Visitor: 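This structure is in structure tokens; I'll ask about it shortly.
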Amino acid sequence: MSLRDPADDRDMPPNGNDFVSALCLRGVRKVGTTLLLLLNITSESSLTWAHLYPQVTPNEWRDYVLAAEPDVLVALSDIPLTSGSYSQKRVTKSIERSASWLANILRPLPGQHVSPGAASHLPNVLVHMAGGTTPAARQAFSRSLLEPLFDKEAEAIKPLDNLDQGVAGYTFDLAPLHKSLSPPSSHETTIKNGFEATIDLFSTPPAPSVVKQVVSLICTSLELLPATKPRFVHSAGSPHEILALIRDVGIDLFDAHWAQRAADVGVSLDFIFPAPTTGAPPDAADAAPPREIGHNLYDKRYSHDFSPFADTLRSCSAEQGDERPPCTCMACAPSRPSQPLKLSRLDETPPLHTPVPYTRAYVHHLLHTHEMAAHTFLALHNLAVLDTFFAGVRRILSERPEAFSQEITRFEQMYDEKLGVLAEARKTWTEVSLTRGKGRMAREREKLKQDTLGTAVELN
Ligand SMILES: [Zn+2]
């Protein structure tokens, strides 16, 4: 349970000493169009940010958490997402607020939430490591977790001696770091209507120099902290960045945000770790252009391609003796449920044929006819590819840890780090969306504009 979507790096109004600004799902859609319309039409609008972004206080957050009883929760953190660079004063404030909000969530549980033998405070609290892109600030925040607390502060978190004792693990949201470290042109943070904004969240992957800086900043945060607690990374931008973070930092867990976004724009992922040895002799690796990490299934070249989504993973029906691991996703290896729901007599009849794997050509067709099933199949497949990728990482780390770095180099040589296929897919996604937008969609958009304009006036 986390208040903010860690992958969302759009500008937001500043947080206060005792509140965090957050976007809610409804807010994003309404905010986007409303704000644009107001800026275009009535520049003297008195609409304030507060109307659009709910502000959540640390006490409210604690109440939500106690009511929802999540298995794992992320403490509130003051991550600034305002435009421009941040002053020294702002950074200091950010780490002070984050520490004080963490202390608030670690207060002893009220009577009705305490069970015999269980911890007196909320278990499984993760803390986002504050400090932004300033190494000294990151160090200061880590130190503030370890320092013993005194007086009122110590009393508030009793029986814990310091904040770190109540923390189960450390999280790092990369989206704001990527944003601060990349040139402004590579990020489109303008608020558009919700539909386009969702795709905008899928920004370009971080450049190698940015990945290096991210690695160094995270290492600075972790320097003083115990190595035994799990480390989580949100919104890594590419498999290349994921591998660097495993090798250079020892990150334990990642989210699958970018693989899901790839499915949104019509890309079927097709890569594996360790990189395949067939078809690319080591000495030819430098000469051969790097492969794309997937296929843009919007592209016309797939309209008659009846092969499975991935070349590097075979579909389960492939012949025996094939060394490639199978893709067991529901799109590549569809199966019938062992206990199908029987709703009528018709369902008693056994199915006529066994299900066959879906093909690139079929999804190409679905994408161009705007069938949502396309994205469902792609999401199923992409998550399976990522799963196999991590299985490969775990296997190398347990069987041949000494070869891990070398395998990463081979992976980097084989697969395009710029993820060009995603940029290309995003472009075609927009084109198809625009063509589609000329008919019914255009009328719907117009209606949405009218509706949200009404809301905006009301808020005024
Ligand atoms: Zn698959």
Side-chain angles (χ1 to χ4, degrees), residues 238-240 242-243 246 253-264 266-281 290-297 299 301-302 304-340 351-367 373-400 403-404 407-408 410-411 414-416 419 421-422 425:
S238 66
H240 302 74
I242 290 176
L243 288 171
I246 298 173
L253 274 160
F254 294 86
D255 66 23
H257 174 79
W258 73 271
Q260 181 94 35
R261 289 283 87 84
D264 289 350
V267 168
S268 76
L269 294 178
D270 189 359
F271 64 89
I272 194 166
F273 185 87
T277 43
T278 46
R291 291 185 196 183
E292 291 291 356
I293 55 148
H295 310 279
N296 167 20
L297 295 186
D299 197 306
R301 88 182 102 136
Y302 296 109
H304 287 84
D305 182 344
F306 296 97
S307 53
F309 294 173
D311 290 323
T312 45
L313 300 178
R314 68 185 162 85
S315 88
C316 275
S317 59
E319 306 193 355
Q320 289 214 332
D322 194 330
E323 304 246 310
R324 292 169 297 168
C327 184
T328 52
C329 83
M330 281 292 288
C332 294
S335 60
R336 298 204 184 279
S338 53
Q339 291 178 314
L352 290 175
H353 45 76
T354 50
V356 289
Y358 296 101
T359 63
R360 296 175 192 186
Y362 180 55
V363 171
H364 171 85
H365 158 75
L366 292 179
L367 285 169
H375 305 289
T376 310
F377 290 141
L378 290 174
L380 287 165
H381 172 77
N382 287 355
L383 294 180
V385 170
L386 202 59
D387 221 15
T388 311
F389 167 82
F390 281 121
V393 168
R394 288 192 295 272
R395 189 161 50 79
I396 295 291
L397 283 176
S398 67
E399 290 172 10
R400 298 187 288 132
F404 189 55
E407 287 297 353
I408 292 180
R410 230 163 50 72
F411 183 92
M414 180 153 293
Y415 295 107
D416 174 27
L419 311 194
V421 66
L422 297 185

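Position 1 is the first residue of the sequence, and the numbers go up from there. Model, not experiment: these values are computed from the prediction.
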Visitor: Report yes if some heavy atom in the side chain of I246 is under 4.5 Å from a heavy atom in the side chain of I408; otherwise report no.
Guide: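 A side-chain contact is absent here, since even the closest heavy-atom pair is not under 4.5 Å.
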
Visitor: Nearest 0.5 Å, please: how far is OH in Y302 from CG in L297?
Guide: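 Reported to 0.5 Å precision, the distance equals 6.5 Å.
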
Visitor: Could you go through residues 378-390 and list every donor-acceptor pair under 3.5 Å that involves a side-chain atom there, pairing it with any protein atom two or more places apart or in another chain?
Guide:
unit_1 : atom_1 : unit_2 : atom_2 : d
H381   : NE2    : L269   : O      : 2.9
N382   : OD1    : L269   : N      : 2.8
N382   : ND2    : A259   : O      : 3.2
N382   : ND2    : V267   : O      : 3.0
T388   : OG1    : A384   : O      : 2.9

Visitor: Within a strict 4.5 Å, meaning less than it, do heavy atoms of the P274 and I396 side chains meet?
Guide: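 Side chain of P274 against side chain of I396, heavy atoms only: contact under 4.5 Å found.
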
Visitor: Roughly how far, to the nearest 0.5 Å, is the CZ atom of R395 from the CZ atom of F273?
Guide: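 Atom-to-atom, F273:CZ and R395:CZ are 9.5 Å apart.
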
Visitor: Residues in salt bridge (Lys or Arg N to Asp or Glu O under 4.0 Å) with D270, at least two apart?
Guide: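 Per chain and number, D270 pairs via salt bridge (Lys or Arg N to Asp or Glu O under 4.0 Å) with no residue.
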
Visitor: Would R261 and L422 count as a side-chain contact (heavy atoms from CB on, under 4.5 Å) here? Give the steps.
Guide: CA-CA 9 Å; R261 289 283 87 84; L422 297 185; over 6 Å; no

Visitor: Treating H240 as the side-chain partner and L419 as the backbone partner, does any N or O pair qualify as donor plus acceptor under 3.5 Å?
Guide: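 Checked: no pair found.
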
Visitor: F377: which residues meet the ring-ring contact (aromatic ring centres under 6.0 Å, His included) condition with it, sequence neighbours left out?
Guide: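 Only Y358 meet the ring-ring contact (aromatic ring centres under 6.0 Å, His included) criterion with F377.
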
Visitor: Which residues satisfy the salt bridge (Lys or Arg N to Asp or Glu O under 4.0 Å) test with E407, sequence neighbours excluded?
Guide: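 Here the qualifying residues are R400, R410.
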
Visitor: Could you tell me if the side chain of F309 sits less than 4.5 Å from the side chain of C327, heavy atoms only?
Guide: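 Result no, sub-4.5 Å side-chain heavy-atom pair not found.
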
Visitor: Would a 4.5 Å heavy-atom cut-off, applied to side chains only, mark W258 and I242 as touching?
Guide: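 Yes. Closest side-chain heavy atoms under 4.5 Å.
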
Visitor: Give the minimum heavy-atom separation between A275 and F411, together with the two atoms involved.
Guide: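 Here A275 and F411 meet closest at CB-CA, 4.1 Å.
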
Visitor: For R301, enumerate each residue passing the side chain to side chain donor-acceptor pair (under 3.5 Å) test, keeping only those at least two apart in sequence or located in another chain.
Guide: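 Only D299 meet the side chain to side chain donor-acceptor pair (under 3.5 Å) criterion with R301.
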
Visitor: To the nearest 0.5 Å, tell me how far H364 NE2 sits from N296 CG.
Guide: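 Rounded to the nearest 0.5 Å, the NE2-CG separation comes to 9.5 Å.
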
Visitor: Evaluate the side-chain proximity of F271 to P239: yes if any heavy-atom separation is below 4.5 Å, no if none is.
Guide: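 Sidechains of F271 and P239: in contact.
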
Visitor: For P308, does its backbone N or O pair with a side-chain atom of R360 as donor and acceptor, under 3.5 Å?
Guide: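 Judged by distance alone, yes, a pair lies under 3.5 Å.
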
Visitor: Can you tell me how far the OG1 atom of T312 sits from the CZ atom of R291, to the nearest 0.5 Å?
Guide: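 One gets 7.5 Å once the value is rounded to the nearest 0.5 Å.
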
Visitor: Name all residues meeting the ring-ring contact (aromatic ring centres under 6.0 Å, His included) criterion together with H375; count only those two or more places apart in sequence or in a different chain, and write none if there are none.
Guide: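 H375: no ring-ring contact (aromatic ring centres under 6.0 Å, His included) contacts found.
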
